[in-house]
Amino acid sequence: MISEKIKIIAFDADDTLWVNEPYYRETEKKFCRLMEGYLPEEQTMEELLSIEISNIDLFGYGAKGFTLSMIETAIRISKSDIQSEIIEKIIVLGKELIEKPIELLDDIVPVLSKLKQDFKLILATKGDLLDQERKLRKSGLSDYFDHIEIMSDKKESNYIYLIRKLGIKAEEFLMIGNSVKSDVLPIIAIGGQAIHVPYHITWQHEEVDNLDMFQYLTINKLSDLIAISV
């Protein structure tokens, strides 16, 4: 059951409301094929992940930062010998990633329609502002949310800021998302509530070890929210 204390339910967006990570994996594979003359696929993927993570503080999350990291990876593994034609192809990959269609997950419209009858709903997602606004517009879900918060990151401090802005207490806030690292653990740490909805693909940077140490509710799919909200 969702606690009677809850006033606001917040939803993550990418891989919670709509498909996201598979598009990145697809783009990553295409990038590795461009780089196969320099390094095997596995090594290229390792180098790209390392550069992505090192760039987060500068570029944040999202397709633009990912594209810049692909370009930096290409320059590094080619020892600055990469052809301009390959750089152009990488830029095209980035643009194609940004322009991917929005595929909604798991009957999300009926879920949001039902929950909106009893709770204030907000979208709390991290990533590039323009990219996330574009996705939300394409999704057709904007009207279900009373507030949209596009966050630079999802650390405890980011959630504390959001909850203060909303004018509620932490225990009145419920976060729902696919990432334990970003959508669950920070909320639990500040006294809020969280529900994990696993997605079949998780970016390595979002993976968490020793999950048995933490207690939180996990549901198989978003439609399971209907049963526990009654």
*asked:* I'd like to check Gln193 versus Met175 (side-chain heavy atoms, cut-off strictly below 4.5 Å). Are they in contact?
replied: no
| query | In terms of hydrophobic clustering (I, L, V, M, F, W, Y; side-chain heavy atoms under 4.5 Å; direct or indirect links), are Ile122 and Ile160 co-clustered? | reply | yes
One should read off an interatomic distance between Thr218 OG1 and Asp224 CG, to the nearest 0.5 angstrom, of 11.0 Å
Taking atom types as modelled, is there a side-chain donor on Thr16 or Asn178 under 3.5 Å from an acceptor on the other? yes
Asp107 side chain near Leu222 side chain, heavy-atom distance below 4.5 Å: no
For Ile51, the hydrophobic cluster (side chain heavy atoms closer than 4.5 Å, chained through members) also holds none
With a 6.0 Å cut-off (strictly less than), is the heavy-atom count around NZ of Lys138, excluding the residue itself, greater than 12? yes
For residues 135-166, the ring-ring contact (aromatic ring centres under 6.0 Å, His included) pairs (sequence neighbours left out) are none
Item to complete: Step by step, work out the side chain to side chain contact (heavy atoms under 4.5 Å, CB included) result for Ile86 and Gln83.
Response: CA-CA 5 Å; Ile86 301 297; Gln83 297 177 347; 4.3 Å; yes
Applied to residues 85-100, the side-chain hydrogen bond (donor to acceptor under 3.5 Å, both in side chains) test, sequence neighbours excluded, yields Glu26-Lys100
*Side-chain contact test, heavy atoms from C-beta onward, threshold under 4.5 Å: evaluate it for Ile9 versus Ile176 and give yes or no.*
yes
Is there a donor-acceptor pair closer than 3.5 Å between any side-chain N or O of Asp183 and the backbone N or O of Val180? no
**Report entry** side chain to side chain contact (heavy atoms under 4.5 Å, CB included) between Ile195 and Val184, intermediate numbers included
**Finding:** CA-CA 7 Å; Ile195 296 177; Val184 175; over 6 Å; no
same_hphob_cluster(Leu136, Val111) at 4.5 Å side-chain heavy-atom cutoff | yes
The reported gap from OG in Ser152 to CG in Asp57 (rounded to nearest 0.5 angstrom) is 10.0 Å
So do the side chains of Leu162 and Phe173 get within less than 4.5 Å of each other, counting heavy atoms only?
yes
Tightest non-hydrogen contact, residues Leu112 and Leu121, listed as O-CD1, 3.6 Å
So the ring-ring contact (aromatic ring centres under 6.0 Å, His included) pairs with at least one residue in residues 11-55 (sequence neighbours excluded) are Tyr24-Phe66
For Lys126 and Ser182: C-alpha separation, side-chain torsions, deciding distance, then whether side chain to side chain contact (heavy atoms under 4.5 Å, CB included) applies. CA-CA 9 Å; Lys126 69 181 179 184; Ser182 293; 2.9 Å; yes
request  = Give the cluster check for Leu129 versus Ile148: same hydrophobic cluster or not, with ILVMFWY residues linked at side-chain heavy-atom distances below 4.5 Å.
outcome  = yes
Heavy-atom nearest pair, Ala63 first then Leu97, reads CB-CD2, 3.8 Å
Note: with side-chain heavy atoms under 4.5 Å as the link, the other cluster members for Leu58 come out as Phe59, Leu68
Taking the side chain as every heavy atom from C-beta outward, state whether Leu48 and Met70 have any pair of such atoms under 4.5 Å apart. yes
Open item on the list: Applying side chain to side chain contact (heavy atoms under 4.5 Å, CB included) to Asn20 and Tyr199, what does each step give before you reach the verdict?
Closed with: CA-CA 10 Å; Asn20 181 67; Tyr199 190 61; over 6 Å; no
CG of Asp146 to CG of Leu123, rounded to nearest 0.5 Å, is 11.5 Å
More than 12 non-hydrogen atoms from neighbouring residues, nucleotides or ligands closer than 6.0 Å to NZ on Lys155, yes or no? no
(Q) Do Leu174 and Phe119 sit in one hydrophobic cluster, given that two such residues count as connected whenever their side-chain heavy atoms are within less than 4.5 Å of each other, even indirectly? (A) yes
Rounding to 0.5 Å, atoms NZ (Lys135) and CD1 (Ile98) come to a distance of 9.5 Å
| request: Could you check if a side-chain atom of Ile102 sits within less than 4.5 angstrom of a side-chain atom of Arg137, using non-hydrogen atoms only? | output: no
Smallest heavy-atom separation, Glu156 atom then Ala189 atom, equals OE2-CB, 3.3 Å
Nearest heavy-atom contact between Met151 and Ala124 is SD-CB, 4.1 Å
Less than 4.0 angstrom from a charged side-chain N to a carboxylate O is my criterion; do Asp12 and Lys154 meet it? yes
Here the pair of heavy atoms bringing Thr73 nearest to Ser69 is OG1-O, 2.7 Å
Quiz item: Is the side chain of Thr44 donor-acceptor paired with the backbone N or O of Pro40 at a distance under 3.5 Å, no angle test?
Solution: yes
* Met35 side chain reached by Ile77 side chain, heavy atoms, under 4.5 Å -> yes
Side chains of Val197 and Leu105 in contact at under 4.5 Å (non-hydrogen atoms): no
Residue pairs meeting salt bridge (charged side-chain N to carboxylate O under 4.0 Å, His left out), one or both in residues 72-81, sequence neighbours left out, come to Glu47-Arg76, Glu72-Arg76
Taken to the nearest 0.5 Å, the spacing of Ile8 CD1 from Ile168 CD1 works out to 4.0 Å
Taken to the nearest 0.5 Å, the spacing of Ile190 CD1 from Lys169 NZ works out to 14.5 Å
In short, Asp14 meets Thr125 closest at the heavy-atom pair N-OG1, 4.2 Å
